[in-house]
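Input: a single structure, listed below in structure tokens.
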Amino acid sequence: MAAPRSMILTGAVALAGMALVSLGCAAFVPAAHKLPVSSMEVSAARLPTAALSAAAVAAPTAAHADGGSVWIPALSAVGAGFAIGLAAIGSGVGQGIASGRCIDGISRQPEVADDLRGVLLLSLAFMESLTIYGLVIALVLLFANPLIK
């Protein structure tokens with residue numbers, strides 16, 4: 001019973017995400033002041049915002065902070081989200097696997113429980129430090145971004 005409900009919820013979330021992407025045409029707002037319009041900017045203005053975002057992700061040279069551009073802060077926020085999200089997911093999976101293996105070891109040999117527990121706590125601390133590094137990278141991207149002049 002859980003599998004059909006999970007598939008229905010996954011489909012609903014996917015449809016809602018596509019609706020948000022299609023409706024979010026003004027995801028990246030241009031700077032308030034207008035620069036002289038060239039033929040390249042006119043053709044780029046006709047493209048949908050999602051295509052422009054994908055081009056900026058694919059070609060980092062197109063995403064430079066020039067004259068009040070919002071691309072660098074916007075992409076920095078996306079990068080910060082990826083940094084903390086991937087760090088948390090990776091650390092959580094690693095900690096879960098390590099804890100499970102430790103419990104398996106203690107259940108097989110209860111006499112080495114103290115040794116395994118010490119090694120487990122040390123390894124969990126090292127795994128959590130990697131998550132903190134991801135948090136530091138996210139905070140640097142958000143508040144002390146070296147790419148913004």
Are [X] and [Y] close enough that some pair of their side-chain heavy atoms sits under 4.5 Å apart?
X: Leu130; Y: Ser91; answer: no
X: Pro73; Y: Asn145; answer: no
X: Val119; Y: Cys102; answer: no

In Å, rounded to the nearest 0.5 Å, how long is the span from [atom1] of [X] to [atom2] of [Y]?
X: Ile97; Y: Met127; atom1: CD1; atom2: CE; value: 8.5 Å
X: Ile89; Y: Ile84; atom1: CD1; atom2: CD1; value: 10.5 Å
X: Arg117; Y: Leu122; atom1: CZ; atom2: CG; value: 14.5 Å
X: Leu75; Y: Phe82; atom1: CG; atom2: CZ; value: 10.5 Å
X: Ser99; Y: Leu120; atom1: OG; atom2: CG; value: 5.0 Å

Item to check | Smallest separation among heavy atoms of Ala80 and Leu141, with atom names | outcome: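 Smallest heavy-atom distance, with atoms named: N-CD1, 3.8 Å.
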
Next on the checklist: So which atom in Ala87 and which in Gly134 form the shortest heavy-atom distance, rounded to 0.1 Å?
Outcome noted: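 Closest heavy-atom pair between Ala87 and Gly134: CB-CA, 4.0 Å.
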
Checklist entry - Taking NZ, NE, NH1 and NH2 as the nitrogens, is one of them in Asp104 or Arg101 under 4.0 Å from a carboxylate oxygen of the other? => result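 Here Asp104 does not pair with Arg101 in a salt bridge, since their nearest N and O are not under 4.0 Å apart.
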
Item to check | Connected via hydrophobic side-chain network under 4.5 Å: Phe143 and Leu135 | outcome: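 Looking at the clustering, Leu135 is in the same group as Phe143.
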
Checklist entry - Are Ile137 and Leu139 connected in a single hydrophobic cluster, I mean Ile/Leu/Val/Met/Phe/Trp/Tyr linked by side-chain heavy atoms less than 4.5 Å apart? => result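 Hydrophobic grouping puts Leu139 apart from Ile137.
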
